[in-house]
Trainee: 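I have a structure here, written as structure tokens, and I will follow up with some questions on it.
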Amino acid sequence: MEENYKTFLVWFELLGFLNEILKDVSALKALETMKEERGVNRFIDNSFIQTCVQALERQYIMEVEKVFDRARTNGHENCSIKYLQELCLVEPLNALFPDGKDDKLLVSIDNCYSKYEEVLPVEIRNKMMAHHDFERILEFKESLIFFEEVKDLVTQSVTIIEKIGERITSFACKLPSMKFYVNAYRDAIKAIVSDS
């Protein structure tokens with residue numbers, strides 16, 4: 001497959017994937033911001049809604065892990081930001097990144113990965129989320145995943161992918177903002193609450 005086309009496909013898939021993660025994070029943020037509103041707190045405290053919230057939290061953490069996977073696993077390419085970074089350094093696209101690995105935008109990917117390692121340490125990813133190791137569950141019971149930091153990581157990743165897209169496609173492609181999605185979900189929650 002031609003490298004330009006492959007790079008575009010990986011970028012496009014990551015953009016769509018990050019948009020879905022952004023929606024998940026926004027839905028959780030909408031619920032969080034509405035906790036104190038009259039009538040909504042009863043809705044949020046509902047055990048079914050709490051189960052859905054917990055499932056959504058687990059889901060978006062797993063999705064973030066996919067986006068931040070290595071470029072390759074067991075000889076297969078992963079549709080990850082790291083793989084996109086690699087593809088940006090292959091001819092002829094490397095001309096769009098004249099400083100090579102030192103290009104500011106590509107360095108921002110490395111910085112984002114460093115933040116990812118802080119927010120979601122490998123022990124939590126491998127032993128608790130992916131494999132559910134009993135010993136690790138007991139050991140890391142006190143470990144918390146700070147969703148605000150994961151939200152910031154997602155926002156930062158979206159910005160990087162949008163900027164890479166501008167370079168490789170020559171047009172701006174912006175995802176809707178988190179604020180847009182939060183407001184849409186707040187309206188949807190209000191509609192549900194007012195109907196009940």
Trainee: Verify whether one side chain among Gln54 and Gln50 offers a donor that lies under 3.5 Å from an acceptor in the other.
Mentor: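 On atom types as modelled, these side chains do not qualify, holding no pair under 3.5 Å.
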
Trainee: Just verifying a value: how many Å separate Asn78 CG and Thr73 OG1, rounded to the nearest 0.5 Å?
Mentor: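 Nearest 0.5 Å value for the CG-OG1 distance: 3.5 Å.
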
Trainee: Checking Lys6 against Glu77 for the side chain to side chain contact (heavy atoms under 4.5 Å, CB included) test, could you report, in this order, the C-alpha distance in whole Å, the side-chain angles of both residues, the deciding distance, and whether it holds?
Mentor: CA-CA 11 Å; Lys6 184 186 277 187; Glu77 290 104 359; 4.1 Å; yes

Trainee: Under a 4.0 Å N-O cut-off, is there an ion pair linking Glu37 with Arg186?
Mentor: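 Salt bridge flag = yes for Arg186 with Glu37.
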
Trainee: Is there side-chain contact between Ile109 and Ile164, with heavy atoms separated by less than 4.5 Å?
Mentor: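 When only atoms from C-beta onward are counted, Ile164 and Ile109 do touch, with a gap below 4.5 Å.
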
Trainee: When you measure from the side chain of Arg167 to the backbone N and O of Leu96, does any donor-acceptor pair fall under 3.5 Å?
Mentor: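 Flag set: sc Arg167 to bb Leu96 pair under 3.5 Å.
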
Trainee: With a 6.0 Å cut-off (strictly less than), is the heavy-atom count around CZ of Phe48, excluding the residue itself, greater than 12?
Mentor: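 No.
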
Trainee: Distance from Tyr83 atom OH to Leu14 atom CG, nearest 0.5 Å?
Mentor: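 CG of Leu14 is found 11.5 Å from OH of Tyr83.
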
Trainee: Within the side chain of Asn46, is there an N or O that forms a donor-acceptor pair under 3.5 Å with the backbone of Ile49?
Mentor: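 Confirmed, Asn46 side chain pairs with Ile49 backbone.
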
Trainee: Using the ring of Tyr113 (Phe, Tyr or Trp, six-membered ring only), decide whether Lys82 places NZ or CZ under 6.0 Å from its centre and within 45 degrees of its axis.
Mentor: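 Yes, Lys82 and Tyr113 form such a contact.
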
Trainee: Going through the distances and angles, do Glu57 and Met62 end up as a side chain to side chain contact (heavy atoms under 4.5 Å, CB included)?
Mentor: CA-CA 9 Å; Glu57 287 172 347; Met62 295 297 281; over 6 Å; no

Trainee: Atom SG of Cys88 and atom CG of Asn94: how far apart are they, to the nearest 0.5 Å?
Mentor: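 Separation between the atoms: 10.0 Å.
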
Trainee: Give a yes or no on this: more than 12 heavy atoms of other residues, nucleotides or ligands lie within 6.0 Å of atom CZ of Arg70.
Mentor: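 No, the 6.0 Å shell around CZ holds no more than 12 heavy atoms from other groups.
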
Trainee: Quick one: do Leu28 and Phe180 end up in the same hydrophobic cluster if we chain Ile, Leu, Val, Met, Phe, Trp and Tyr together by side-chain heavy atoms under 4.5 Å apart?
Mentor: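 Linked, Leu28 and Phe180 end up in one cluster.
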
Trainee: Can any side-chain N or O of Asn183 pair as donor or acceptor with the backbone N or O of Lys179 at less than 3.5 Å?
Mentor: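 Here the side-chain-to-backbone pair exists.
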
Trainee: Checking side-chain polar atoms at under 3.5 Å, does Tyr181 have a donor or acceptor matched by the opposite partner on Asp24?
Mentor: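 Their side chains do not contain a donor-acceptor pair, so the 3.5 Å distance test is not met.
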
Trainee: Under 4.0 Å between a side-chain nitrogen and a carboxylate oxygen: does that hold for Lys163 and Glu166?
Mentor: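 Salt bridge flag = no for Glu166 with Lys163.
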
Trainee: Quick one: do the Gln156 and Asn111 side chains pair a donor with an acceptor below 3.5 Å?
Mentor: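 Distance-only check fails for Gln156 and Asn111.
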
Trainee: Check whether Glu162 reaches the backbone of Lys174 with its side chain - one donor and one acceptor, N or O, closer than 3.5 Å.
Mentor: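 No; judged by distance alone, with no hydrogens or angles, the pair does not exist.
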
Trainee: May I ask you to say whether Glu63 pairs ionically with Lys23, meaning some side-chain N is under 4.0 Å from a carboxylate O?
Mentor: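 Salt bridge between Glu63 and Lys23, a charged N being under 4.0 Å from a carboxylate O: no.
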
Trainee: Side chain to side chain contact (heavy atoms under 4.5 Å, CB included) for Val67 and Tyr116? Distances and angles first, verdict last.
Mentor: CA-CA 10 Å; Val67 168; Tyr116 166 70; over 6 Å; no

Trainee: Is there side-chain contact between Glu149 and Glu118, with at least one heavy-atom pair below 4.5 Å?
Mentor: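 Glu149 does not reach Glu118 side chain to side chain.
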
Trainee: Please check this pair: side chain of Trp11 against backbone of Leu84, looking for a donor-acceptor N/O pair closer than 3.5 Å.
Mentor: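 No; judged by distance alone, with no hydrogens or angles, the pair does not exist.
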
Trainee: Which is it for Phe12 and Cys173 under the side chain to side chain contact (heavy atoms under 4.5 Å, CB included) test, yes or no, and what are the steps along the way?
Mentor: CA-CA 10 Å; Phe12 188 74; Cys173 184; over 6 Å; no

Trainee: I need the Thr155 OG1 to Ile160 CD1 distance, nearest 0.5 Å.
Mentor: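 So the gap between those two atoms works out to 11.0 Å.
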
Trainee: Side-chain contact test, heavy atoms from C-beta onward, threshold under 4.5 Å: evaluate it for Pro176 versus Asn19 and give yes or no.
Mentor: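 They are in side-chain contact.
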
Trainee: Drop me the distance from Leu15's CG to Leu22's CG, to the nearest 0.5 angstrom.
Mentor: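 If we round to the nearest 0.5 Å, Leu15:CG and Leu22:CG are 10.0 Å apart.
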
Trainee: Got a second to check how far Gln85's CD is from Ser108's OG, nearest 0.5 Å?
Mentor: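 If we round to the nearest 0.5 Å, Gln85:CD and Ser108:OG are 8.5 Å apart.
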
